[in-house]
Amino acid sequence: MTTPNDTIDSTANRALLGSGMFQFSCHDGVPCFTRCCHNADMYLYPYDIVRMKQNLNMTSEAFLVAHTTTAIRDMPTFPNVMLKMSDRQGNPCTFLAEKGCTVYSDRPYSCRAYPLEPAIYGDADGSMRMQYYVMHHGYCKGHDEDQAWTAKAWMADQEMGAYHEPNSCWARIAARLQANFFRSRGINMNSPSMKMAFMASYNMDTFRRFVFESSFLSRYNVPGQQLDAVKHDDRELLMLGLSWIERFLFGEGLLEENT
């Protein structure tokens, strides 16, 4: 199983990179600059929401309402969160301005990775592996630039290291949600368990209240240092949320229940 195909559209050429190199550069001198920021069919990872809502000083709930939409794609019982495009001519990204991206330092993982597509594959047994693909869209002239990259060098240049841990954890959960295990039990996206899992993935402000204002801490063993961190750090809170989903939905993972 794999995480969603985080590409601008499904018609692009997609080539396995492996340990090879690719040529690419994107800057305001490239004729197609910001073309890929229009009419994008883009999945958002949970950590994308954390970064962008903090950049905009918004609550998770407000960000989700204003800037995302949901759709059932490859996870039959769990909605994929998509970046909402604007209604302006050409349907540009909401965050696109004349000079480029207004949330560039916290842009989504897919934007950050492009034209590289790191595909995290996971199976129900928890095993994980990563492969790297290069996307080629006909309009993109960045591939004509001279600068050459390995996948590792590109990911370092685009500061993707902070995304690895939360995205890998999410990919492991997504691989489980892609199976029909829950649907066969009569569970769908509107079931309480799926709504709770969605909250812990994408709505950090509500999940924080759940942690500190419900019976959560009496049921689960959260070490003191971690507990102090999640009070103010949304990334740490997200990691707790993903651990809780693994325990809550699948009965496994690092989060332990109190005895």
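Predicted, not measured: the structure shown is a model, and the values here were computed from it.
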H164 atom NE2: more than 12 heavy-atom contacts under 6.0 Å: no
Flag if over 12 foreign heavy atoms under 6.0 Å of CG, D87: no
Ring geometry between F207 and W244 (parallel below 30°, tilted from 30 to 60°, perpendicular above 60°): tilted
N/O donor-acceptor pair under 3.5 Å between R51 side chain and D106 backbone: no
Mutual orientation of the aromatic rings belonging to Y202 and W170 [parallel < 30°, tilted 30-60°, perpendicular > 60°]: perpendicular
Common cluster, V50/Y163, ILVMFWY with side-chain heavy-atom separation under 4.5 Å: yes
F212-M239 co-clustered via ILVMFWY side chain contacts under 4.5 Å: no
Full working for side chain to side chain contact (heavy atoms under 4.5 Å, CB included) between V222 and F216: CA-CA 9 Å; V222 182; F216 185 96; 4.0 Å; yes
Closest approach of L238 to S201 (non-hydrogen atoms, all atoms of both residues): CD1-O, 3.5 Å
Nearest heavy atoms of R107 and Y104, plus distance in Å: NH1-O, 2.7 Å
Salt-bridge contact D228-K231 (side-chain N to carboxylate O under 4.0 Å): yes
Check: P118 and M160 side chains under 4.5 Å, non-hydrogen atoms: yes
M204 reachable from L217 in the ILVMFWY side-chain graph, under 4.5 Å edges: yes
Exam field: side chain R235 to backbone A162, donor-acceptor pair closer than 3.5 Å: yes
Inter-residue atom distance N221.CG - L227.CG, 0.5 Å rounding: 10.0 Å
Side-chain (S191) to main-chain (S193) donor-acceptor, under 3.5 angstrom: no
R208 with D234: basic N within carboxylate O range, under 4.0 Å: yes
Close side-chain approach of D205 and E61, heavy atoms under 4.5 Å: no
Sub-4.5 Å side-chain heavy-atom contact between F95 and L83: yes
Atom pair OG1 (T150) and CE (M155), whose distance is rounded to the nearest 0.5 Å: 10.5 Å
Quiz item: cation-pi between R247 and Y220, 6.0 Å / 45°: no
Smallest separation among heavy atoms of S60 and N203, with atom names: CB-OD1, 3.5 Å
Gap between atom CE of M135 and atom SG of C36 - 0.5 Å precision: 12.0 Å
Close side-chain approach of H67 and L56, heavy atoms under 4.5 Å: yes
For R14 against A119, the heavy-atom pair lying closest together: NH2-CB, 4.0 Å
Common cluster, I245/M196, ILVMFWY with side-chain heavy-atom separation under 4.5 Å: yes
Co-membership, hydrophobic cluster, residues F198 and F250, 4.5 Å side-chain: yes
Test item: N91 side-chain N/O and S86 main-chain N/O as donor-acceptor pair under 3.5 Å: yes
Check: V65 main-chain N/O paired with K84 side-chain donor or acceptor under 3.5 Å: yes
S218 backbone acceptor or donor facing N258 side chain under 3.5 Å: yes
Atom NE2 of H27: over 12 foreign heavy atoms under 6.0 Å: yes
Geometric class of the Y114/F24 ring pair [parallel <30°, tilted 30-60°, perpendicular >60°]: perpendicular
Non-hydrogen side-chain atoms of L255 and E246 separated by less than 4.5 Å: no
Q23 side chain near E145 side chain, heavy-atom distance below 4.5 Å: no
Q89 atom CD, neighbour heavy-atom count above 12 within 6.0 Å: no
Derivation and outcome, side chain to side chain contact (heavy atoms under 4.5 Å, CB included), residues V134 and H143: CA-CA 10 Å; V134 178; H143 296 282; 3.9 Å; yes
Closest heavy-atom pair and its distance - N80, M75: ND2-CE, 3.1 Å
is_close_aromatic(Y109, Y47), centroid dist under 6.0 Å: no
Heavy-atom closest contact (S25 atom, Q147 atom, distance): OG-OE1, 4.2 Å
Backbone of M52 reached by a side-chain donor or acceptor of N55 within 3.5 Å: no
Within 6.0 Å of CG in N57, more than 12 heavy atoms from elsewhere: no
Steps toward side chain to side chain contact (heavy atoms under 4.5 Å, CB included) verdict (T59, K53): CA-CA 6 Å; T59 65; K53 70 104 172 178; 6.0 Å; no
Side-chain heavy-atom pair L249, R176 within 4.5 angstrom cut-off: no
Check: M199 main-chain N/O paired with T206 side-chain donor or acceptor under 3.5 Å: no
Y132 side chain reached by W154 side chain, heavy atoms, under 4.5 Å: no
Spacing of D28 atom CG and T34 atom OG1 [to the nearest 0.5 Å]: 10.0 Å
Check against side chain to side chain contact (heavy atoms under 4.5 Å, CB included), S105 and E159: CA-CA 9 Å; S105 61; E159 300 179 343; over 6 Å; no
Pairwise distance SG(C140) to CG(N13) - rounded to 0.5 angstrom: 12.0 Å
Inter-residue atom distance M85.CE - N39.CG, 0.5 Å rounding: 8.0 Å
